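A quick write-up on the structure given underneath.
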There are 2 protein chains.
Amino acid sequence: MAKSPSRNPPITEHLAYLLAQANREINRQLEARLRDEGVPVEQWRILKVLSDRKGHSMGELADAVLLNHPTLTKMIDRMVSDALVYRVQDPDDRRKVLMYSSDRGKALTERLNTLAMNQEAHIAKSYGDKATADLKRLLESLIDSAT
Amino acid sequence: MAKSPSRNPPITEHLAYLLAQANREINRQLEARLRDEGVPVEQWRILKVLSDRKGHSMGELADAVLLNHPTLTKMIDRMVSDALVYRVQDPDDRRKVLMYSSDRGKALTERLNTLAMNQEAHIAKSYGDKATADLKRLLESLIDSAT
DNA sequence: TTGAAAATATTGAATATTCAAGAATTGATG
DNA sequence: CATCAATTCTTGAATATTCAATATTTTCAA
């Protein structure tokens with residue numbers, strides 16, 4: 001009897017493991033680039049989301065940047081200390097806090113965008129344009145089908 | 001003038017972000033399944049690596065399960081308390097500690113394998129066999145090209 | 001063979017994250 | 001309109017992770 005193909009595969013063949021491994025490696029590389037500005041990846045995501053200049057509530061932000069609420073609150077506290085972002089109470093719903101990027105935050109965001117785009121370019125170069133596009137498409141549809 | 005395609009894309013189009021998002025979602029689902037046995041994902045990975053019954057040094061393990069050394073040491077401490085694994089000093093190189101799975105650990109590993117394979121099957125079903133296979137292949141080659 | 005450098009694992013202090021609870025506001029229902 | 005439930009954000013305690021330093025053993029060169 002032939003062996004069934006995915007009967008108890010090694011850890012390295014599990015999708016969850018491959019995702020974790022790829023994520024760790026790419027994140028580590030991005031981190032290394034952002035280190036020039038001394039900013040953690042999560043702060044870059046926050047600044048990037050806020051760069052549309054609309055106010056975003058903490059809940060929205062937490063979803064968008066993949067952090068839970070208390071972690072986001074404390075990270076925002078640090079960014080407020082660094083004068084990168086500021087809080088405004090939402091006049092329409094005073095439970096909410098709307099976050100905005102400061103001028104300093106906006107200037108930093110532009111420098112970070114350059115660094116992040118350097119990484120994307122580097123990946124596209126060594127990994128190939130087609131593979132990169134295919135991978136992005138597959139990841140998007142995985143996320144759609146999984147949520 | 002036509003807009004250049006990937007000039008300063010939104011965060012949701014960055015490969016690093018898509019990977020983080022997909023990883024978080026799949027990891028969360030796996031976590032939910034493993035919760036039946038009260039075991040964190042990292043411990044499942046450790047047990048799975050140790051299921052080849054060969055001794056693995058802490059360094060090897062740390063690489064394999066994507067944890068850094070001090071974090072692994074402390075997680076192993078907990079697993080030793082739970083009698084899932086045990087330490088043996090490597091007789092050939094006494095700087096090293098070789099880790100082995102206990103009988104209890106092996107029995108747990110089998111139950112966890114079932115849970116993890118349920119998840120893989122569930123993903124393959126909702127996401128499609130071909131997409132799953134394609135995604136795995138692309139992730140493997142990304143990891144190769146990135147490391 | 002001896003001493004310095006490298007490799008391996010652990011520890012402790014500093015830092016960060018998470019969980020559970022709390023405060024403030026809004027919505028909804030009788 | 002009064003009250004109770006739901007939503008939003010923050011806080012504090014418990015837990016986990018990380019960084020730097022340490023101890024031990026091995027390797028290698030002089």
Side-chain angles (χ1 to χ4, degrees), chain A residues 20-21 23-25 27-32 34-35 38-46 49-50 54-82 84-100, chain B residues 20-21 23-25 27-32 34-35 38-46 49-50 54-82 84-100:
Chain A
Q21 202 181 356
N23 179 51
R24 189 169 87 139
E25 191 52 40
N27 205 59
R28 172 177 290 169
Q29 289 179 5
L30 179 56
E31 213 166 43
L34 299 188
R35 193 161 300 134
V39 173
V41 174
E42 291 80 8
Q43 291 197 13
W44 172 62
R45 291 198 197 126
I46 292 170
V49 170
L50 297 186
K54 297 175 196 151
H56 292 267
S57 74
M58 292 295 282
E60 267 175 45
L61 252 191
D63 280 351
V65 305
L66 316 177
L67 293 175
N68 57 24
H69 288 218
T71 304
L72 178 64
T73 292
K74 286 155 194 171
M75 183 158 288
I76 289 289
D77 287 347
R78 285 169 235 149
M79 295 176 78
V80 169
S81 299
D82 294 342
L84 297 173
V85 299
Y86 58 93
R87 290 176 161 99
V88 177
Q89 193 178 44
D90 185 342
D92 297 336
D93 183 343
R94 283 164 13 220
R95 290 170 302 183
K96 294 187 184 173
V97 172
L98 299 180
M99 298 304 312
Y100 293 91
Chain B
Q21 202 181 357
N23 179 52
R24 191 169 86 138
E25 191 53 38
N27 205 58
R28 173 178 290 168
Q29 290 180 5
L30 180 56
E31 212 165 44
L34 299 188
R35 194 162 300 133
V39 173
V41 174
E42 292 80 6
Q43 292 197 12
W44 172 62
R45 290 198 197 125
I46 291 170
V49 170
L50 297 187
K54 297 175 198 153
H56 291 265
S57 74
M58 293 296 281
E60 267 175 45
L61 253 190
D63 279 352
V65 305
L66 316 177
L67 293 175
N68 56 25
H69 288 220
T71 304
L72 178 64
T73 291
K74 285 154 194 171
M75 183 156 291
I76 289 289
D77 287 346
R78 285 169 236 147
M79 295 176 78
V80 169
S81 300
D82 294 342
L84 297 173
V85 298
Y86 58 94
R87 291 176 162 100
V88 175
Q89 193 178 42
D90 185 342
D92 296 336
D93 183 342
R94 284 164 15 222
R95 290 170 303 183
K96 294 187 184 174
V97 172
L98 299 181
M99 298 303 312
Y100 292 91

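Letters A, B, ... are given to chains in the order of the sequence lines, protein chains preceding strands, and every chain is numbered from 1. All values derive from a computational prediction rather than experimental measurement.
What separates CG of B:L72 from C1' of D:dT17 is a distance of 13 Å, to the nearest Å. C:dT10 atom C1' lies 13 Å from atom CD of B:Q89, rounded to whole Å. Rounded to an integer number of Å, the gap from B:M75 CE to C:dT10 P is 14 Å. What separates CG of A:N68 from P of D:dC9 is a distance of 13 Å, to the nearest Å. The distance from atom CG of A:D77 to atom C1' of D:dC9 is 11 Å, rounded to the nearest whole Å. Rounded to whole Å, the distance from NZ on A:K74 to P on D:dT10 is 11 Å. Atom-to-atom, CZ of A:R78 to C1' of C:dA14 comes out at 13 Å; the value is rounded to the nearest Å. Between A:I76 atom CD1 and D:dT8 atom P there is a gap of 17 Å when expressed in whole angstrom units.
Looking at which nucleotide of DNA chain C each of A:P70 and A:D90 is closest to, the 5′-most match is held by A:P70. Between A:E42 and A:P91, the residue anchored nearer the 5' end of DNA chain C, judged by the nucleotide with its closest heavy atom, is A:E42.
What you find for A:G55 and A:E60 is that their closest heavy atoms are O-OE1, 4.4 Å. When all heavy atoms of B:W44 and B:L34 are compared, the pair lying nearest together is CB-CD1, 3.8 Å. Heavy-atom minimum distance, A:R24 versus B:L67: NH1-N, 4.0 Å.
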> How would nucleotides 2-9 of chain C be written as a contact map, 5' to 3', with B for base contact, S for sugar-phosphate-only contact and - for no contact, using protein heavy atoms under 4.0 Å?
Replying inline: -----BSS
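Residue A:R94 places none of its side-chain N or O atoms closer than 4.0 Å to OP1 or OP2 of C:dG27.
Shown here are the side-chain contact (heavy atoms from CB on, under 4.5 Å) partners of A:R35, two or more places apart in sequence or in another chain: A:E31, A:A32.
Listed by first then second residue, pairs satisfying side chain to side chain donor-acceptor pair (under 3.5 Å) with a partner in residues 72-82 of chain A read A:D77-A:R87, not counting sequence neighbours.
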>> B:M58 vs B:H69, test: side chain to side chain contact (heavy atoms under 4.5 Å, CB included). Steps then yes/no.
In response: CA-CA 7 Å; B:M58 293 296 281; B:H69 288 220; 5.6 Å; no
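Using a 4.5 Å cut-off on side-chain heavy atoms (C-beta onward), B:V97 and B:D90 make no contact.
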